[in-house]
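Letters A, B, ... mirror the listed sequences (proteins, then strands); counts begin at 1. The structure displayed is predicted, hence computed values, not measured ones.
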Amino acid sequence: MKEENFCTKGGRMRLSRYFLPTLREDPSEAEVVSHKLMLRAGMIRRLASGIYTWLPLGLRVLRRVENIIREEMDRAGAQEILMPLVQPAELWQETGRWGNFGPELLRFKDRREHEFCLGPTHEEVITDLVRKEVRSYRDLPLILYQIAPKFRDEIRPRFGVMRAREFLMKDAYSFDADEKGLERNYRLMYETYTRIFRRCGLRFQAVLADTGAIGGSESHEFMVLADTGEDRLAVCEACGYAANVELAEVKRPYAYAEEPERPLKKAATPGVKSVEEVAAFLGVSPQKLVKTLLFRAGKEVVVVLIRGDLELNEVKLRNLLRVPAVEMADAETVERLTGAPVGFAGPVGLSGVRLLADLSVRGLKNFVTGANQADAHYLNVNYGRDFPEPEFYDLSVAQEGDPCPRCGRPLDLTRGIEVGHIFKLGTKYSEAMGATFLDRQGRERPLVMGCYGIGVGRTVAAAIEQNHDENGIIFPREIAPFQALILTLGPEQALLEASERLYQELQTQGVAVLWDDRDERPGVKFKDADLIGIPYQIIVGKKFRETGRVELKERATGRREEISPESLPEKLSS
RNA sequence: CGGGGCGUAGCGCAGCCUGGCAGCGCACCUGCCUUGGGAGCAGGGGGUCGGCGGUUCAAAUCCGCCCGCCCCGACCA
């Protein structure tokens, strides 16, 4: 007889043999609850900033999410491929993104001094593949996808796998002959994503979104609703409008009392810089202040005016200026242009720069601005008189209660975690890279593309963020690492034998089951069981000794019922 | 990139100010005991005190440089 493998002796899903390093206390490095719980439950361990290893329990959850995605993508007719993480610079130079992707694109050279990067996304690679292989409209439509690691050298990785530098992503790309085809595929992916996140047991919301570095015409983000989310959403309950606040159009009514223009006056404001400080110092409301913001957009510097109580929306500014990124001008630039230290910039006397203003400034009279001079502000400033009339655009961030741009009812603001993002790319990449096909008339035309991403690890973290209590994780059934956990509470042979029989039987019935056969006291087993969040706990202990029945405890509700061991497999496999 | 904090056993931390044996709790190993919500007793193992350099008879502790991690900011005008 063959010797039994010492690692799998008695079956591999025994906790006494399972690599599950749980932590009794919160690790100090973790801030948000999902990160703490993933570390404590032995799902992940950090290797370096934003770089994580998935341990067996965590990997099982990751795989379950992956498999839901795979099933739904396949069902939608997409075909799975696997592309390289390492990508040659040449492809990125073709689309121009080598230059303007920014420092999160990790670049390096191989031994022959050829330039490469770690792929933060795969538009270039897929477009290269398809331009080489697809010739005819007969090959269309086509959707390809992969589930593979990505690398983005984030400024500030945080929250564990929620904002990691290396992360697992599902990315899909659609290719069509025309806009109509793209529209069909975009809708198909929208529906597929809805199915995926619903199956993962998440409460989520699809919102209109900015297209950012990926580009394209239209896009939606799928947001898991959570207070710890990094994105703010504007949602209208009345008509269903929902948008990332970065994008949400502001249709705020600006009603300003008619008042005569008063003479310009300079006021000393020593050391008074921020809006709150200036307003308090001069005894006026922040709505009477106009902030003067200097931005660097490529080589150009632009000046933007906005009412003091409002927030400037950099995404709107970036899209208006049609540049890949805008950033606040540094102190040196501010001083050179305004002649004053940061905190005292104003539009009066500025020249040689483009002057923009948010709609909130239009109609505003006798406002307060910096005087372009240290420790001084102007009162009673009026555009058209004291400085040239600026170009007005919608450049502010939507606020709670602003009117919905579609129906006018007040908007709600909530927070969300972006787990999915879909884009209509159009011909941006196909034209740049010459990815064309021959249509029915034999004309050469660029492929019309879409792209569709899901953060797999982030989805796991978001699910935990939404499903936990003070004792630990409560996994939604579809993504739980196991369906049931057998707790053997006591060292007696009879308990062990009964547990082992149950364990074998459940496995034979196809129920994913883990058995806590460790020589630990009941308290330890209960605590770990609640922490790792497996939906059902099967307790073989006191009740079994007394009655021969076991207890079935549901993790989510804490409900316990007594049940005969024989009826368990049927109950759990349903 | 700017500001702040931290780095001492696997985890959580004290010791540092005022230099003089490297500690506590949990975890781990052995034995006894115990078995329904992170038990108890006894014994034990484990440390480049983030790194390098300096000051000193003597450095976890003081000084300098570097590295790493966490938080906040990058919307200040």
Exercise. Reckon A:P491 touches a base, only the sugar-phosphate, or nothing at all at heavy-atom distances under 4.0 Å?
Worked result: base

For this session: State, yes or no, whether a side-chain contact exists between A:I532 and A:L57 at a heavy-atom distance under 4.5 Å.
Result: yes

For this session: Measure from CZ on A:F526 to C1' on B:G38 and round the result to the nearest Å.
Result: 12 Å

Exercise. Taking the same atom, P, in B:C76 and in B:U8, what whole-Å distance lies between them?
Worked result: 34 Å

Exercise. If pairing requires Watson-Crick or G-U wobble contacts with both distances under 3.5 Å, which nucleotide is the partner of B:A58?
Worked result: none

Exercise. Taking only side-chain nitrogens and oxygens of A:R158, does any of them come within less than 4.0 Å of OP1 or OP2 of B:C70?
Worked result: no

Problem set entry | Closest nucleotide among B:C69, B:C11, B:A39 to the A:E25 side chain | B:C11

Problem set entry | Partner nucleotide of B:C11 by Watson-Crick or wobble geometry (both distances under 3.5 Å) | B:G25

Exercise. So does A:E520 reach the base of B:G37 with its side chain, donor to acceptor, closer than 3.5 Å?
Worked result: no

For this session: Report which part of the nucleic acid A:K525 touches: base, sugar-phosphate, or nothing (heavy-atom distance under 4.0 Å, all strands).
Result: nothing

For this session: Quick one: label A:D528 by what it contacts on the DNA or RNA (base, sugar-phosphate, nothing), any heavy atom closer than 4.0 Å.
Result: base

For this session: Identify whether any heavy atom of A:G541 sits under 4.0 Å from a base atom; if not, whether one sits that close to sugar-phosphate; answer base, sugar-phosphate or nothing.
Result: base

For this session: Go through B:C1, B:G36, B:A39 for me and flag the one nearest to the A:K542 side chain.
Result: B:G36

Exercise. So is A:R60 actually on top of A:F482's ring, under 6.0 Å and inside 45° of the axis?
Worked result: yes

For this session: Could you work out the separation of B:A22 and B:C49 based on their C1' atoms and round it to a whole Å?
Result: 8 Å

Exercise. A:S28 near the nucleic acid: base, sugar-phosphate alone, or nothing, with a heavy-atom cut-off under 4.0 Å?
Worked result: sugar-phosphate

Seminar exercise, completed: Rounded to whole Å, the CZ-P distance (A:F544 to B:U35) equals 18 Å

Exercise. Below 6.0 angstrom between ring centroids: does that apply to A:F344 and A:Y378?
Worked result: no

Exercise. How would you label the contact of A:E29 with the nucleic acid (heavy atoms, under 4.0 Å): base, sugar-phosphate, or nothing?
Worked result: sugar-phosphate

Problem set entry | Pairwise 5' ranking along RNA chain B for A:V524 and A:L489, keeping only the more 5' one | A:L489

For this session: Taking atom types as modelled, find out whether A:Y503 and A:R501 have a side-chain donor-acceptor pair closer than 3.5 angstrom.
Result: no

Exercise. When you measure from the side chain of A:P27, which nucleotide among B:G12, B:G38, B:C69 comes out closest?
Worked result: B:G12

Exercise. Rounding to the closest angstrom, what is the interatomic distance between B:A27 and B:A9 at atom C1'?
Worked result: 11 Å

For this session: Ignoring hydrogens and angles, answer whether the base of B:G12 and the side-chain atoms of A:D26 contain a donor-acceptor pair closer than 3.5 Å.
Result: no

Exercise. In whole angstroms, how far is the C1' atom of B:C76 from the CD atom of A:E327?
Worked result: 15 Å

Seminar exercise, completed: Whole-Å distance, A:R163 CZ to B:C70 P, equals 14 Å

For this session: Could you give the distance separating B:C24 and B:C41 at their P atoms, to the nearest angstrom?
Result: 15 Å

Exercise. For the side chain of A:D530, counting heavy atoms from C-beta on, which of B:U35, B:G38, B:G37 is nearest?
Worked result: B:G37

Exercise. Between B:G36, B:G37, B:C69, which nucleotide has the shortest distance from any of its atoms to the side chain of A:R46?
Worked result: B:C69

Exercise. Contact class for A:R156 (heavy atom, under 4.0 Å): base, sugar-phosphate, or nothing?
Worked result: base

Problem set entry | Crowding at CD1, A:I155 (>12 non-hydrogen neighbours, <6.0 Å) | no

Exercise. Which is true for A:D309 with a 4.0 Å heavy-atom rule: it touches a base, it touches only sugar-phosphate, or it touches nothing?
Worked result: nothing

Seminar exercise, completed: As its Watson-Crick or G-U partner within any shown strand, both distances under 3.5 Å, B:G68 has B:C6

For this session: Please work out if A:I539 contacts a base, only the sugar-phosphate, or nothing of the nucleic acid, heavy-atom cut-off 4.0 Å.
Result: base

Problem set entry | Spacing of the C1' atoms in B:G12 and B:G38 (rounded, Å) | 15 Å

Seminar exercise, completed: pair_partner(B:A39), Watson-Crick or wobble, both distances < 3.5 Å, evaluates to none

For this session: Both distances under 3.5 Å, Watson-Crick or G-U wobble: report the partner of B:C1, or none.
Result: B:G73

Exercise. In Watson-Crick or G-U wobble terms, both distances under 3.5 Å, what is the partner of B:U48?
Worked result: none

Exercise. Is any N or O donor-acceptor pair between the side chain of A:R560 and the base of B:G37 shorter than 3.5 Å?
Worked result: yes

Exercise. Do the non-hydrogen side-chain atoms of A:L356 and A:R354 ever get within less than 4.5 Å of each other?
Worked result: yes

For this session: Give the minimum heavy-atom separation between A:N244 and A:M223, together with the two atoms involved.
Result: ND2-CE, 3.6 Å

Exercise. Is A:R46 close enough and on-axis enough to A:Y52, meaning under 6.0 Å and within 45°, for cation-pi?
Worked result: no

For this session: Looking at every strand, decide which applies to A:I306 at a 4.0 Å heavy-atom threshold: base, sugar-phosphate, or nothing.
Result: nothing

Exercise. Given the P atoms of B:A59 and B:C21, what is the spacing between them in whole Å?
Worked result: 11 Å

Seminar exercise, completed: Per nearest nucleotide of RNA chain B, the residue lying toward the 5' end, A:F295 or A:G523, is A:G523

For this session: Could you state the atom-to-atom distance from CZ of A:R521 to C1' of B:G38 in whole Å?
Result: 10 Å

Exercise. Do A:R458 and A:V224 have side-chain heavy atoms sitting under 4.5 Å apart?
Worked result: no

Exercise. Expressed in angstrom and rounded to an integer, what is the separation of A:L39 atom CG from B:G10 atom P?
Worked result: 17 Å

Exercise. Which part of the nucleic acid does A:E551 contact within heavy-atom distance under 4.0 Å: base, sugar-phosphate only, or nothing?
Worked result: base

Exercise. Separation of A:E335 atom CD from B:C76 atom C1', in whole Å?
Worked result: 13 Å

Exercise. What is the distance, rounded to the nearest whole Å, between atom CD of A:E492 and atom C1' of B:G36?
Worked result: 12 Å

Exercise. With a non-hydrogen cut-off below 4.0 angstrom, is A:V278 in contact with a base, only sugar-phosphate, or nothing?
Worked result: nothing

For this session: Rounded to whole angstrom, note down the P distance from B:G53 over to B:C11.
Result: 26 Å

Exercise. Taking atom P in both B:G50 and B:C17, what distance in whole Å separates the two?
Worked result: 15 Å

